[in-house]
Amino acid sequence: MILFNDFKREYAAIGEEVSQSIKRVLKSGWYILGQEAEKFEEKFSKYIGTKFAIGLNSGSDALYLAVKALGISNGDEVVTVSNTMVSTVDAIIRNGARPVFADIEPETYTIDASKIKTKITAKTRAIIPVHLYGHAADMDPIIEISEKHNLFIIEDACQAHGAEYKNAKVGSVGYIGCFSFYPTKNLGAYGDGGMIVTNDEQLATKLRQMRNYGQSKKYYHDFVGVNSRLDEIQAAILRTKLRYLDDWNKRRRKLASLYNDLLKNTETITPIEKDYAKHVYHLYVIRHKHRNKLQQYLLSRGIQTLIHYPVPVHMQRAYKTIDKLPVTEKICNEILSLPLHPWLSENEVEVVSECIKEFSLNQR
Ligand SMILES: *Cc1c(COP(=O)(O)O)cnc(C)c1O
């Protein structure tokens, strides 16, 4: 079986170090909002290239609190994409605002800046580009629009730890960057976790208060907040793992490039990397016109694949809108995420590619 993710291999490689960091926290007698979270926030903001980082419960909370901290609420509109995880969108809805969907580029599957302009109204307050699959959205035209209409940019960088846009790490390009440390992400905790990064000191202070019941000091609440904190054990694990992130991303890029070579002439559309981007291949997503059959075939050969995402958000029962998004609606029937993680071997990439080749030949 070739698994989509293989955490047992990760644990075999770095488990000892991770266990040490967990033990350090257990012995310290301090488990929430202590030194570990502080140190990891410092390391992570330095890594991304922002002044501040605020550790949170999850990437979903990062997006939700980012929207909330900017005061976006009832009657406001936020432009984003439908080809994403639902969290991007429900962060907007749970704040009482309305998501407005722009279609995506057919090559990178990220927001198409040329489709944003017609979506801007007097009510628009922000744009949330998603750096999907580990490839940066094209930020310059988005920044231009945001400056013209006085909008905030919240980057959903939950799939793009270490990815770059024109040599800047994503998350540092807009006003706020949101990260998830869900176990499968390029930098993952052994549980839930998330982070907001920003250069705005006032906003950082507000978010620190927000994640801790709106407290300015213990038992003094300036506004209604939430409980959303990155706990000490996860922070310690993440600080340990952050040291490996660049190596792991390098490994992902190497395996992706091997896939790209081996999948030539197989009627497969392989991912591309734009000149402005450094792709970190959170997911290696191909397109194939017989996607469902291909997925079945691969499974029958012991290869696990997934679809990110089979139903776009605007077509979900919970989020249904009347938007027409031709590219989004087309590609959701063709995309397939192949196994790709730092612990996958070259040989396994060859096996997967060989199976896809066989399948394509049988289809002729
Ligand atoms: C994972 C993810 C999130 C949510 O992160 P959680 O930590 O699972 O809440 C949001 N947006 C995108 C694009 C993601 O991939």
Side-chain angles (χ1 to χ4, degrees), residues 4-5 7 37 40 44 53-68 78-95 99 101-102 104 108-111 126-137 139 153-163 165 170-171 173-174 176-197 211 226-231 234-235 237-238 241 249 252 271 279-285 306-314 316 318-319 328 331-332 335 337 340-341:
F4 193 79
N5 284 302
F7 294 112
F40 176 59
F44 193 73
I54 304 97
L56 304 166
N57 247 337
S58 67
S60 302
D61 272 3
L63 289 156
Y64 169 72
L65 291 175
V67 172
K68 194 174 191 61
V78 178
V79 179
T80 190
V81 287
S82 177
N83 179 43
T84 184
M85 208 210 140
V86 292
S87 298
T88 318
V89 178
D90 84 54
I92 302 166
I93 296 174
R94 287 193 290 136
N95 276 292
F101 296 110
I104 52 172
T108 63
Y109 315 120
T110 60
I111 195 162
I127 304 170
I128 309 185
V130 182
H131 305 301
L132 201 70
Y133 309 149
H135 190 286
M139 295 300 288
I153 296 176
I154 302 169
E155 298 176 73
D156 183 341
C158 289
Q159 299 191 359
H161 317 66
Y165 179 74
V170 302
V173 184
I176 298 184
C178 297
F179 290 88
S180 162
F181 303 121
Y182 186 73
T184 60
K185 310 287 181 175
N186 289 33
L187 180 62
Y190 288 6
D192 271 311
M195 188 80 92
I196 283 181
V197 295
R211 71 173 172 186
V226 297
N227 173 352
S228 181
R229 299 162 307 211
L230 182 66
D231 70 68
Q234 299 307 336
I237 295 168
L238 287 164
K241 288 181 72 175
N249 281 341
R252 284 173 184 270
H279 204 325
V280 292
Y281 295 96
H282 169 58
L283 296 167
Y284 185 86
V285 178
L306 292 172
I307 299 167
H308 299 90
Y309 297 90
V311 182
V313 181
H314 77 289
Q316 296 280 352
Y319 301 93
T328 299
I331 65 123
C332 71
I335 48 178
S337 309
L340 179 68
H341 54 77

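Numbering of ligands and ligand atoms starts at 1, following listing order. All values derive from a computational prediction rather than experimental measurement.
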**Request:** Inspect the surroundings of OH in Tyr133 and state if more than 12 heavy atoms from other residues, nucleotides or ligands are less than 6.0 Å away.
**Result:** yes
**Asked** Any nitrogen or oxygen of Tyr182, main chain or side chain, under 3.5 Å from a nitrogen or oxygen of ligand 1?
**Response** no
**Under 3.5 Å: N/O of Gly59 near N/O of ligand 1** = yes
**Message:** Do Leu283 and Phe4 have side chains that approach each other closer than 4.5 Å (heavy atoms only, starting at C-beta)?
**Reply:** yes
**Message:** Within ligand 1, which atoms have a heavy atom of Val130 less than 4.0 Å away?
**Reply:** 13 (C)
**Message:** If I apply the N/O under 3.5 Å rule, does Asp156 come out as touching ligand 1?
**Reply:** yes
**Prompt:** For ligand 1, is Thr184 a contact, meaning one of its heavy atoms is under 4.0 Å away?
**Reply:** no
**Message:** Can you give me the closest heavy-atom contact between Tyr281 and Leu340, atom names plus distance?
**Reply:** CB-CD2, 3.5 Å
**Request:** Please round to the nearest 0.5 Å and tell me the distance separating atom OG1 of Thr80 and atom CG of Asp156.
**Result:** 7.5 Å
**Audit row: His308, Ser337, side-chain hydrogen bond (donor to acceptor under 3.5 Å, both in side chains) steps and yes/no** = CA-CA 7 Å; His308 299 90; Ser337 309; 2.8 Å; yes
**Message:** Once salt bridge (charged side-chain N to carboxylate O under 4.0 Å, His left out) is applied, do any residues pair with Arg252, and if so which ones, sequence neighbours excluded?
**Reply:** none
**Request:** Could you find the nearest protein heavy atom to atom 2 (C) of ligand 1 and give me its residue, atom name and distance?
**Result:** Lys185 NZ, 2.7 Å
**Request:** Mark up the atoms of ligand 1 that fall under 4.0 Å of a heavy atom belonging to Ser60, in ascending order.
**Result:** 4 (C), 5 (O), 6 (P), 9 (O)
**Request:** Evaluate the criterion ring pair (Phe, Tyr, Trp, His ring centres under 6.0 Å) for residue pair Phe40 and Phe181; output intermediate values, then yes/no.
**Result:** CA-CA 12 Å; Phe40 176 59; Phe181 303 121; 5.5 Å; yes
**Request:** If you have a sec, work out which protein heavy atom is nearest atom 3 (C) of ligand 1 and how many Å separate them, to one decimal?
**Result:** Met85 SD, 3.3 Å
**Request:** Report the nearest protein non-hydrogen atom to atom 7 (O) of ligand 1: residue, atom name, distance rounded to 0.1 Å.
**Result:** Ser180 OG, 2.6 Å
**Prompt:** In chain order, what residues pass the side-chain contact (heavy atoms from CB on, under 4.5 Å) check against Ala66, with sequence neighbours excluded?
**Reply:** Ile154, Ile176, Cys178, Ile196
**Asked** Any idea which part of Thr84 is under 4.0 Å from ligand 1, heavy-atom wise: side chain, backbone, both or neither?
**Response** side chain
**Message:** Are any of the N/O atoms on Ser87, whether in the backbone or the side chain, positioned under 3.5 angstrom from an N/O atom of ligand 1?
**Reply:** no
**Prompt:** Does the side chain of Ile335 reach to within under 4.5 Å of the side chain of Tyr309, using non-hydrogen atoms?
**Reply:** no
**Message:** Quick check: Asp192 and ligand 1, any N/O pair under 3.5 Å apart?
**Reply:** no
**Message:** Counting only heavy atoms closer than 4.0 Å, does ligand 1 sit against the backbone of Ser58, its side chain, both, or neither?
**Reply:** both
